[in-house]
Enquirer: 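Below are the structure tokens for one structure; questions will follow.
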There are 4 protein chains.
Amino acid sequence: MATRSAPDPARRSERARAAVLAAATELVAEVGYGKLTIEAIAARAGVGKQTIYRWWPSKGAVVFDAFLAANESGGGLALPDTGDLAADLRAVLRPTSDELADPAADLTYRAITAEILNDPALRAEYRTRLLDPLLAVTRDRLRSARDAGQIAPDTDLDLAVELVYGPIHYRWLHQLGPLTHEHADRLVDAALHALNPPATNDRSGR
Amino acid sequence: MATRSAPDPARRSERARAAVLAAATELVAEVGYGKLTIEAIAARAGVGKQTIYRWWPSKGAVVFDAFLAANESGGGLALPDTGDLAADLRAVLRPTSDELADPAADLTYRAITAEILNDPALRAEYRTRLLDPLLAVTRDRLRSARDAGQIAPDTDLDLAVELVYGPIHYRWLHQLGPLTHEHADRLVDAALHALNPPATNDRSGR
Amino acid sequence: MATRSAPDPARRSERARAAVLAAATELVAEVGYGKLTIEAIAARAGVGKQTIYRWWPSKGAVVFDAFLAANESGGGLALPDTGDLAADLRAVLRPTSDELADPAADLTYRAITAEILNDPALRAEYRTRLLDPLLAVTRDRLRSARDAGQIAPDTDLDLAVELVYGPIHYRWLHQLGPLTHEHADRLVDAALHALNPPATNDRSGR
Amino acid sequence: MATRSAPDPARRSERARAAVLAAATELVAEVGYGKLTIEAIAARAGVGKQTIYRWWPSKGAVVFDAFLAANESGGGLALPDTGDLAADLRAVLRPTSDELADPAADLTYRAITAEILNDPALRAEYRTRLLDPLLAVTRDRLRSARDAGQIAPDTDLDLAVELVYGPIHYRWLHQLGPLTHEHADRLVDAALHALNPPATNDRSGR
DNA sequence: TAGTAACCGAGACGGTACGTCTCGTCTTTAC
DNA sequence: GTAAAGACGAGACGTACCGTCTCGGTTACTA
């Protein structure tokens, strides 16, 4: 029986791969994700359609791969740990806020998010390759702060990261207001306030 | 020049309108938003395609309108005000959590959110008809609590609603964990803690 | 039971009827029969579509009716009978040739002919209202000539009219050559020659 | 500017081409030309619509091509030349008459003729591929007869072929009478009579 | 270093759905 | 009850892409 033979990654053309990802990146920014087509990517990349279908399972996967290739940190993702938790969180949220406020990045990120929403496979990949690492290092930093007694010892770290990233993401998604450093800072303050152990406040008066 | 004359809403067939929205609602739940087609909606509704194109600008608008027609409160949207802010917020977040946890509603809400993400017009309509009213009543309740001295007098109400709705939305979108009443309750506690005036906790200072 | 009640011709609006026929005539000349639509006729005539459907069974019938209304002789159709058969036939074929050579009439006549080709009902009506009367008077004139001994006494009058009208129609349809008076005259000569009794030429045999 | 690139005939699928022509032929006979749709042809042929649009400019062109493919002589079109002109013409007109009398062929030929009437491009192609060759060989045969002194030396060969084919075509188009061998024979006699030199008749008595 | 297997660009294929157009019917309002 | 107006169910139009399938042609491993 003639089983469909898998393509051989060793023979994969790096030139074609890079051209496809570049074309996808350009086109997402130009026409938006919804009007992006595989045919257009292939044409822009100077590549046969089959070459795309050979290596990516869907349009979303291509755009997604392009996004990941551009955003994936080489491995050194980590939050600073200066001892000042608020400052360290600001160091993450301020750039995040800036990027979401950038029109081109906003468009791309909206496309990616829309894909993630409805495609479980892409959602899983996004989680694995981008989100989980970010949440993990954030949890690590919060754990470190918890161990240092800076936040409540019974802090739910999962809820904590949601408190940090959820509000700004919500504001971005629904365009509830401008994404400024000032807003990011106040969000950090509020989140930390939520996580502060009552004892810390209770005893501060003494 | 022959300008395209707009259709006359007075002559619109209520039968056709209802059939289209019902068909769209059914089909989104059956095949998901991505595989939903206008042709299928028209066929299911027993309606000509042109009738859909006459009254809605896009597939998203139809699904969206169906969603709004089903979820729009007749005007009586309001948060309870029992005096117990935490209880009142739980009364909102728990049902929200339940709905997001329901597989059918989850699918529909993901479809809607994906549309909102990439279509400014739909985003505006969603804001106007659903989200803004919800946020407004939430802000009202928080303002009431602020006036009662239950939360800090300088509370930023915009940030406050983001703190309430953002985290649960984030958890839902990225499937970071189960959406339970227990989680909703802890989120309410954390949010309120973030908004509590230091003085409330710092009674011991007297 | 509600039987479909036939429209009452007595109440028919002459204004609407005339406007429809005029619009159809204009539009056939402007856009050709193939691109003519009932909607366009109704719009041009300032008439509701239903008014057309009420009184005519098809687009072809309208155009056709317009053509007939313009071309139907009031009853006084007849060939001249000067005693000179060739001259009398020329008096018919020359104007026919002129009309077929006129670009606007050519277009209209092509549209009519195409309809006739594929619609038996229109064909029958065309025969009854236009063609048969023409052929009848032509046959009458030929019969008169036959009685006068100018053509063979056993002349098949049906074949004779086909010999007169067939060749020019064929030349017109396939655009085999220019439609000139000179051509019409030669056709008349040839046709009469075909119909001449051998005896007329073969006097020498006595 | 991106010019629409023409398809590459070398890559054309013979299977698809044949299936389309066959389906068109069948469907014209089944539903008639007017009710024939490209969608139906594609469905019957098991072919994508785009494959039809890629290779044919219109519905008419498809039907037309099917007709030509079935009727185009491989190159060996010629009238017999037995020395007996009347017999040779009968050998052409009798089969023509038979074909026009066949209901299925009649329907197809009516469709083709209607197309030719209103589409100059199809008319030109019909002329080039079918009609002109037929008229040419007919003229050749008549020229041969003229050279042999069987018809008048000043015979207008263009008019002559119109006299041969026009009348039967006219009878067919307007259904003026049955298309029989007897009619064809009488037409041949009449046409030849029209073309006979008077001298031939004058001297026959000797 | 020749052969050959796999990827490559290209693009035709069978399809699906698009959004538009026109059909012929139905409904509404005015006369 | 006819007329103008126009929304309606229906379905074909011609287009755009889908994902698959040949085609040569060009690498780049294997014999």
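Order of the sequence lines sets the chain letters (A, B, ...), proteins ahead of strands, with each chain counted from 1.
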Enquirer: What pairs of residues pass the side chain to side chain donor-acceptor pair (under 3.5 Å) test when at least one of them lies in residues 52-63 of chain A, not counting sequence neighbours?
Expert: A/Trp56-A/Asp65

Enquirer: Measure from the side-chain N and O atoms of D/Thr128 to the backbone N and O of D/Ala124, and report whether any donor-acceptor pair falls under 3.5 Å.
Expert: yes

Enquirer: With A/Leu68, which of A/Val63, A/Leu21, A/Ile112, A/Leu130 fulfils side-chain contact (heavy atoms from CB on, under 4.5 Å)?
Expert: A/Leu130

Enquirer: Report yes if the side chains of C/Leu27 and C/Glu30 come closer than 4.5 Å at any heavy-atom pair, otherwise no.
Expert: yes

Enquirer: When you check the gap from the basic side-chain N to the acidic O, do C/Glu39 and C/Arg44 get nearer than 4.0 Å?
Expert: no

Enquirer: What is the distance from CG of B/Asp8 to P of E/dT29, rounded to the nearest Å?
Expert: 10 Å

Enquirer: By a strict heavy-atom criterion of less than 4.0 Å, which residues belonging to residues 27-40 of chain D are in contact with DNA chain F?
Expert: D/Thr37, D/Ile38, D/Glu39

Enquirer: Please assess A/Arg127 against A/Ile116 for the test side chain to side chain contact (heavy atoms under 4.5 Å, CB included), listing each intermediate value before the final yes or no.
Expert: CA-CA 9 Å; A/Arg127 285 282 306 277; A/Ile116 284 169; over 6 Å; no

Enquirer: Run B/Ile52 and B/Ile41 through side chain to side chain contact (heavy atoms under 4.5 Å, CB included) and show every step you take.
Expert: CA-CA 9 Å; B/Ile52 297 183; B/Ile41 297 174; 3.8 Å; yes

Enquirer: Side chain to side chain donor-acceptor pair (under 3.5 Å): which pairs involve residues 113-122 of chain B, sequence neighbours left out?
Expert: B/Tyr33-B/Glu115

Enquirer: 5'-most contact on DNA chain F: D/Lys59 or B/Arg11, nearest heavy atom basis?
Expert: B/Arg11

Enquirer: Side chain of C/Arg123, backbone of C/Leu117: donor and acceptor closer than 3.5 Å?
Expert: yes

Enquirer: For D/Tyr126, enumerate each residue passing the ring pair (Phe, Tyr, Trp, His ring centres under 6.0 Å) test, keeping only those at least two apart in sequence or located in another chain.
Expert: C/His174

Enquirer: For DNA chain F, which residues in residues 42-57 of chain A have a heavy atom at a distance below 4.0 Å?
Expert: A/Lys49, A/Gln50, A/Tyr53

Enquirer: Is it the case that the base of E/dA12 and the side chain of D/Arg12 share a donor-acceptor contact (distance under 3.5 Å, atom types as modelled)?
Expert: no

Enquirer: Quick one, which residues of residues 13-23 of chain C touch DNA chain F with a heavy atom under 4.0 Å?
Expert: C/Ser13, C/Arg15

